[in-house]
A.B. asks: 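This is the structure, below, for whatever I ask next.
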Number of protein chains: 2
Amino acid sequence: MHKPAPNNSLKTACSTCNLRKLCLPVNLSNIEMARLDDLITRKGVYRHGSILYRSGDKFQALYAIRTGFFKTQILNEDGREQATGFQMAGEIIGMDGISSDAHTCDAVALEDSEVCEIPFNRLEDLSRELPPLQRHLHRILSREIVRDQNIMLLLGSMRAEERLAAFLLNLSQRFAVRGYSPTSFQLRMTRQEIGSYLGLKLETVSRALSQLQESKLINVRNRSLEILCLPGLQACMGKRAR
Amino acid sequence: MHKPAPNNSLKTACSTCNLRKLCLPVNLSNIEMARLDDLITRKGVYRHGSILYRSGDKFQALYAIRTGFFKTQILNEDGREQATGFQMAGEIIGMDGISSDAHTCDAVALEDSEVCEIPFNRLEDLSRELPPLQRHLHRILSREIVRDQNIMLLLGSMRAEERLAAFLLNLSQRFAVRGYSPTSFQLRMTRQEIGSYLGLKLETVSRALSQLQESKLINVRNRSLEILCLPGLQACMGKRAR
DNA sequence: CTTACGGCTTGATATATGTCAAAATTAACA
DNA sequence: TGTTAATTTTGACATATATCAAGCCGTAAG
């Protein structure tokens, strides 16, 4: 695995960042925004395959993804792994580490990526002074809880094809929010990684994709994916109980 | 379903609550503790089967369980349900509601239970003034994230018997922390509810319990459960990949 | 005390997904 | 650019869990 490029500790300006609406949509005055800018440093590029943090690492900061794509995963004692999420630009990761001052999962770059580091102690300090920031932090934490519980629903009650449909629709929606096409995008992860996330083997993922293609709901060729019928995929997601 | 008994709005004293170590283990002065007490009101008894909050309800408060047992569950559009957790005395629920100002799951009492209501706006206000309280709130939110991600691991990568073992060990540990026997306790939920939580059908839960009993790891008769060999159960949990 | 109902167990069978294997395709690297 | 390794697809078969069904048990209500 690669090492991240040397840390240039570039100062970042949230105030001028085009991801602000996604990442920290908080109403702050110019002065308050400057104080937020002051916390946050841009870290060097994380190359494809490199590790932002590892399970067990001391927790010190949250990370906002500026560009690129990450996955987070946890590992059993016996080596089983479970991808817990795929994160894209504008999303914040690392919140698992707050509870025990140590990260409980690994975060791996799936393509060359840049992140902003947000030292958590200083974020707590500032959020005591800026109620809107405090509120936003709580929302982010809660949103992660809701997200995880929806994955529990997926893993606990959906069949393979439904899981795939839900997964693709989720990606679609997140691309749409970022101004990309909701119906045509590149998968940044392998079938194996999709399977790890969805609780399926890679062969099952491949077969389910082929079936969705057979049903004319998607076109998939390697990593490039096209959704032919969003309503159809939505219908497929909620087909029948297991 | 029953209605909760009328809200007597009894003031509660965290300062004298024997669950304080579990619920709000924060170092506060007497004056600070009094301010915390001031927020929190004891709500009436929730009878077995009654609902603390429902998906879609406006989010206004977190709830600390004083006595009893709850389950939380989310429902698909098509009626599929997924239990997202079982909560016991000293645990705090309702955090899913913060992100969108509405609850995203139902919380149902599995036995007659009492809760303390913690109005969230006021908790935010106070936590801006009391850094240790702020830190604790963040830890609670993060702990829920870690808990959920571990359930994702369970649902995504364990087989039925392993899921059961993990589930029973988790209960065991939580009873132990509360001063109850870690090896002998009552299940508060039906096989169906266990199955909903573990992503299994009730028949599979029943069979897996019988198998664990066959292996002399547990004794189970209806809702009463005895763990005969904790290390054995732990071993069973991490047997082999799926 | 009796009856009724929901919850639980167990068996037989069906089915979805896993496992193993081979070939095709693509990506990575020298 | 050529070579190798990784990823993906597809098939044949194995297996874990779901489904369906019947009977039992325990609790609650009459």
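Everything numeric here is computed off the predicted structure, so don't read it as measured data. Proteins come first, then strands; the chains are lettered A, B, ... in the order of their sequence lines, and each starts at number 1. All heavy atoms count here, side chains included; hydrogens, waters and symmetry mates do not.
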A.B. asks: Less than 6.0 angstrom separating the ring centers of A:Tyr180 and A:Phe185, yes or no?
C.D. replies: no
A.B. asks: Taking A:Arg66 for its side chain and A:Ala64 for its backbone only, find out whether a donor-acceptor pair lies under 3.5 Å.
C.D. replies: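 Flag not set: sc A:Arg66 to bb A:Ala64 has no pair under 3.5 Å.
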A.B. asks: Can you give me the bend angle of the helix from C:dC1-D:dG30 to C:dA30-D:dT1? Use the axis through the first five pairs and the one through the last five, nearest 10 degrees.
C.D. replies: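 Taking five pairs per end, the axes differ by 60°.
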A.B. asks: Answer with base, sugar-phosphate or nothing: what part of the nucleic acid does B:Leu200 contact at a heavy-atom distance below 4.0 Å?
C.D. replies: sugar-phosphate
A.B. asks: Can you tell me how far P of D:dA18 sits from CD of B:Glu161, to the nearest Å?
C.D. replies: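 Roughly 14 Å, once rounded to whole Å.
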A.B. asks: Within this structure, what is the CD-to-P distance between A:Glu193 and D:dA6, rounded to whole angstrom?
C.D. replies: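 Result: 14 Å.
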A.B. asks: Closer than 3.5 angstrom, by distance alone: can the side chain of B:Asp112 be matched with the main-chain N or O of B:His48 as a donor-acceptor pair?
C.D. replies: yes
A.B. asks: Apply side chain to side chain donor-acceptor pair (under 3.5 Å) to A:Thr104 and list each qualifying residue two or more places apart in sequence or on a separate chain.
C.D. replies: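 So A:Thr104 forms a side chain to side chain donor-acceptor pair (under 3.5 Å) with A:Asp96.
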A.B. asks: If I take atom CD from residue A:Glu117 and atom CG from residue A:Leu52, how far apart are they, to the nearest 0.5 angstrom?
C.D. replies: 8.5 Å
A.B. asks: Is any side-chain nitrogen or oxygen of B:Arg191 closer than 4.0 Å to OP1 or OP2 of C:dG7?
C.D. replies: no
A.B. asks: With the threshold set at under 4.0 Å for non-hydrogen atoms, list the residues of residues 212-229 of chain B touching DNA chain C in residue-number order.
C.D. replies: B:Arg223
A.B. asks: N/O contacts under 3.5 Å, protein versus nucleotides 20-22 of chain D?
C.D. replies:
residue : atom : partner  : partner atom : Å
D:dC20  : N4   : B:Glu203 : OE2          : 3.3

A.B. asks: The side chain of A:Ser206 lies closest to which of these nucleotides: C:dT9, C:dT19, D:dT9?
C.D. replies: D:dT9
A.B. asks: Report the distance from atom CG of A:Leu198 to atom P of C:dA16, rounded to the nearest whole Å.
C.D. replies: 18 Å
A.B. asks: Can you tell me the distance, in whole Å, between the CD atom of A:Glu111 and the P atom of C:dA28?
C.D. replies: 12 Å
A.B. asks: Residues in side chain to side chain donor-acceptor pair (under 3.5 Å) with B:Ser215, at least two apart?
C.D. replies: none
A.B. asks: Tell me whether B:Tyr53 contacts the main-chain N or O of B:His103 through its side chain, where contact means a donor paired with an acceptor under 3.5 Å.
C.D. replies: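 Between the backbone of B:His103 and the side chain of B:Tyr53 there is no qualifying donor-acceptor contact (under 3.5 Å).
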A.B. asks: A:Met189 CE to D:dT8 P: how many Å, rounded?
C.D. replies: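 Nearest whole value for this atom pair: 11 Å.
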A.B. asks: If you measure from the Lys or Arg side-chain nitrogens to the Asp or Glu carboxylate oxygens, is any gap between B:Arg178 and B:Glu91 under 4.0 Å?
C.D. replies: yes
A.B. asks: Check the distance between C:dT17's P and B:Leu155's CG and give it to me in whole angstrom.
C.D. replies: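 Rounded to whole Å, this separation is 15 Å.
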A.B. asks: A:His48 NE2 to C:dA27 P: how many Å, rounded?
C.D. replies: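 Interatomic distance, NE2 of A:His48 to P of C:dA27: 12 Å.
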A.B. asks: For residues 145-154 of chain B, which side-chain N or O atoms pair as donor and acceptor with protein atoms under 3.5 Å away, sequence neighbours left out?
C.D. replies:
residue  : atom : partner  : partner atom : Å
B:Arg147 : NE   : B:Glu144 : OE1          : 3.4
B:Arg147 : NH1  : B:Thr84  : O            : 3.4
B:Arg147 : NH2  : B:Thr84  : O            : 3.0
B:Arg147 : NH2  : B:Glu144 : OE2          : 2.9
B:Gln149 : NE2  : A:Glu144 : OE2          : 3.4
B:Asn150 : ND2  : B:Val146 : O            : 3.2

A.B. asks: Rounded to whole Å, please give me the gap between CZ in B:Arg159 and C1' in D:dT15.
C.D. replies: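 Distance, rounded to whole Å: 9 Å.
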A.B. asks: Looking at A:Ser210, does any N or O in its side chain come under 4.0 Å of the phosphate oxygens OP1/OP2 on D:dT10?
C.D. replies: yes
A.B. asks: With a 4.0 Å cut-off, would you call A:Arg54 and A:Asp106 a salt bridge?
C.D. replies: no
A.B. asks: Taking A:Met158's backbone N and O only, do any of them form a donor-acceptor pair with A:Arg163's side chain (distance below 3.5 Å, no angle check)?
C.D. replies: yes
A.B. asks: Under a 3.5 Å distance rule, please check whether A:Thr183 uses its side chain to pair with a backbone N or O of A:Ser181 as donor and acceptor.
C.D. replies: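 Not confirmed, A:Thr183 side chain does not pair with A:Ser181 backbone.
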